[in-house]
*Asks:* 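Quick one: structure below, then a few questions.
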Amino acid sequence: MKIAVISDTHGLLRPEVRRILSDCGAVIHAGDLNTPEIVDEMKAAAGPDVPFYIVRGNCDREQAEEFPGHLEFTLAEMRFYVVHNPNDLPKDLGDRQIIVFGHSHRYLEEIRDGRLWLNPGSCGKRRFRLDLTMAVLTIEDGSWSVERVEIADKDRSARAGVRASVREEGDPESGRGCLPSEKDLLPVIVQIMRRMDKGQDVKRIAGDLKIDAEFTEQICRIRVTHPGVTAQGILNKLEVNRTGR
């Protein structure tokens with residue numbers, strides 16, 4: 001049995017992911033769908049008879065009532081435990097053989113104490129410079145194998161070209177500004193946070209500060225998904241994701 005394992009789609013179902021879903025006998029989603037429409041999109045891609053196992057993530061406010069915080073089930077004679085944030089896993093996992101989680105947007109595949117621990121990463125909206133990934137889990141004759149699937153981002157090279165030109169010139173009239181240098185990151189993050197508190201949107205913040213809109217959106221997203229985070233905390237998260245790639 002082939003099982004598509006995905007997470008952190010954040011409202012975006014890419015064509016390659018749709019194709020893989022159509023070739024699998026079950027789908028596991030480890031949370032952060034963001035929009036209810038993406039569930040219908042996934043089910044349309046997979047087909048009417050394919051079972052779905054979905055947990056809610058920290059960004060799934062609209063799906064809070066629809067999906068559970070965790071799932072325990074048996075599939076293809078393997079016992080699963082699925083949760084969005086691995087920090088929410090219980091200390092005693094009992095006889096669970098496969099542990100699936102998401103949240104970090106970073107792929108992980110490890111064997112610990114005879115169990116498979118699997119984070120498929122994110123195959124939706126790109127977070128910082130992390131790869132876009134998912135997993136295809138194959139279970140046969142009481143054993144498993146995992147294929148790490150890298151999803152192509154066809155728009156990435158185009159965006160990279162735009163950012164390169166922005167670094168050189170900047171274009172405040174178009175809403176595109178320069179990317180801050182490393183030494184200037186912290187005060188810029190502070191400015192972004194202050195403007196968020198005033199209710200300004202990403203486009204206006206980027207325009208006023210004359211900085212890159214995608215960078216601004218990344219800062220705003222961290223602020224929203226990590227309530228109470230400080231400017232230094234955001235900077236640390238940026239560094240972790242940059243060096244962890």
Side-chain angles (χ1 to χ4, degrees), residues 1-86 96-109 115-127 130-156:
M1 183 181 196
K2 291 174 65 175
I3 304 167
V5 185
I6 60 178
S7 187
D8 296 272
T9 42
H10 290 281
L12 176 61
L13 194 66
R14 296 175 182 271
E16 188 173 351
V17 178
R18 295 173 190 264
R19 180 186 61 77
I20 295 172
L21 261 56
S22 70
D23 192 40
C24 291
V27 178
I28 296 173
H29 194 301
D32 272 6
L33 302 102
N34 273 161
T35 62
E37 293 80 11
I38 198 169
V39 179
D40 295 330
E41 293 179 33
M42 289 191 299
K43 291 183 176 180
D49 300 324
V50 173
F52 275 73
Y53 302 87
I54 302 173
V55 297
R56 68 173 177 267
N58 58 292
C59 294
D60 289 329
R61 295 175 181 86
E62 294 185 38
Q63 291 82 17
E65 299 295 328
E66 184 176 356
F67 299 118
H70 76 278
L71 282 173
E72 301 177 63
F73 56 89
T74 299
L75 182 61
E77 300 183 357
M78 287 288 173
R79 296 176 294 278
F80 285 78
Y81 195 110
V82 182
V83 69
H84 178 63
N85 189 332
R96 302 300 162 184
Q97 298 164 285
I98 300 177
I99 313 301
V100 177
F101 55 95
H103 190 57
S104 70
H105 292 223
R106 183 179 287 108
Y107 188 92
L108 174 72
E109 177 190 332
R115 296 187 179 98
L116 171 64
W117 293 69
L118 180 61
N119 182 341
S122 171
C123 59
K125 293 182 179 178
R126 183 183 294 278
R127 182 182 185 185
L130 295 176
D131 293 333
L132 297 171
T133 59
M134 63 174 291
V136 175
L137 174 63
T138 301
I139 300 176
E140 189 174 10
D141 297 329
S143 62
W144 68 71
S145 62
V146 183
E147 177 188 0
R148 181 183 190 272
V149 181
E150 292 197 15
I151 307 299
D153 186 356
K154 295 181 179 179
D155 297 327
R156 187 180 187 188

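Bear in mind that the values here come from a model prediction, so they are computed numbers and not experimental data.
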*Asks:* Which heavy atom of M134 sits nearest a heavy atom of A4, and at what distance?
*Replies:*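 Here M134 and A4 meet closest at CE-CB, 4.0 Å.
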*Asks:* If you round to the nearest 0.5 Å, how far is CG of L116 from OG of S143?
*Replies:*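 Rounded to the nearest 0.5 Å, the OG-CG separation comes to 11.5 Å.
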*Asks:* Could you go through M42 and R18, starting from their C-alpha distance and side-chain angles, then the distance that decides it, and tell me whether this counts as side-chain contact (heavy atoms from CB on, under 4.5 Å)?
*Replies:* CA-CA 7 Å; M42 289 191 299; R18 295 173 190 264; over 6 Å; no
*Asks:* If you draw the axis of the six-membered ring of Y107, does the NZ or CZ of R148 fall within 45° of it and under 6.0 Å from the ring centre?
*Replies:* yes
*Asks:* Would the distance check show the side chain of N85 and the main-chain N or O of H103 forming a donor-acceptor pair, the cut-off being under 3.5 Å?
*Replies:* no
*Asks:* I need the L71 CG to I54 CD1 distance, nearest 0.5 Å.
*Replies:*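 Taking CG in L71 and CD1 in I54, the distance rounds to 9.0 Å.
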*Asks:* Could you please spell out the steps behind the side-chain contact (heavy atoms from CB on, under 4.5 Å) verdict for L137 and I98?
*Replies:* CA-CA 10 Å; L137 174 63; I98 300 177; 3.9 Å; yes
*Asks:* Any chance you could lay out the side chain to side chain donor-acceptor pair (under 3.5 Å) test for H10 and H105, step after step, and finish with the verdict?
*Replies:* CA-CA 11 Å; H10 290 281; H105 292 223; 3.3 Å; yes
*Asks:* Out of the candidates N119, L118, T133, only one should pair with L108 under the side-chain contact (heavy atoms from CB on, under 4.5 Å) rule; please name it.
*Replies:* N119
*Asks:* Between M1 and A76, which heavy-atom pair has the shortest distance, and what is it?
*Replies:* SD-CB, 3.9 Å
*Asks:* Within this structure, what is the CZ-OH distance for the pair F73 and Y81, rounded to the nearest 0.5 Å?
*Replies:*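 Interatomic distance, F73 CZ to Y81 OH, rounded to 0.5 Å: 11.5 Å.
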*Asks:* Taking 4.0 angstrom as the limit, do E72 and R79 come out as a salt bridge?
*Replies:* no
*Asks:* Checking D8 side chain against C123 main chain: does a donor-acceptor pair fall under 3.5 Å?
*Replies:* no
*Asks:* Of the options L75, V5, V27, which is the one that meets Y53 in a side-chain contact (heavy atoms from CB on, under 4.5 Å)?
*Replies:*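 Testing each of L75, V5, V27 against Y53, the sole residue satisfying side-chain contact (heavy atoms from CB on, under 4.5 Å) is L75.
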*Asks:* Please name the pair of heavy atoms, one in G124 and one in S122, separated by the smallest distance, quoted to 0.1 Å.
*Replies:* N-OG, 3.3 Å
*Asks:* Roughly how far, to the nearest 0.5 Å, is SG of C24 from CD1 of I3?
*Replies:* 8.5 Å
*Asks:* Which distance, rounded to the nearest 0.5 Å, do you find between the CD1 of I38 and the CG of L13?
*Replies:* 5.0 Å
*Asks:* Which heavy atom of V83 sits nearest to which heavy atom of V55, and what is that distance?
*Replies:*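 Where V83 meets V55 most closely, the heavy atoms are C-CG2, 4.0 Å.
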*Asks:* Between R115 (side chain only) and I99 (backbone N and O only), is there a donor and an acceptor less than 3.5 Å apart?
*Replies:* no
*Asks:* Give me the atom names and distance for the closest heavy-atom approach of A30 to H84.
*Replies:* O-ND1, 2.7 Å
*Asks:* Distance from I139 atom CD1 to E77 atom CD, nearest 0.5 Å?
*Replies:*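 The CD1 atom of I139 sits 9.5 Å away from the CD atom of E77.
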*Asks:* Test H29 against T9 for side chain to side chain donor-acceptor pair (under 3.5 Å), laying out the working first.
*Replies:* CA-CA 9 Å; H29 194 301; T9 42; 2.8 Å; yes
*Asks:* Would V82 and H70 count as a side-chain contact (heavy atoms from CB on, under 4.5 Å) if you check the C-alpha gap in whole Å, the side-chain angles of each, and the deciding distance to 0.1 Å?
*Replies:* CA-CA 6 Å; V82 182; H70 76 278; over 6 Å; no
*Asks:* Quick check: closest heavy atoms across D60 and G57, and the distance to 0.1 Å?
*Replies:*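 Closest heavy-atom pair between D60 and G57: OD2-N, 2.7 Å.
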*Asks:* Could you walk me through whether L12 and T35 pass the side-chain contact (heavy atoms from CB on, under 4.5 Å) test, one step at a time?
*Replies:* CA-CA 9 Å; L12 176 61; T35 62; over 6 Å; no
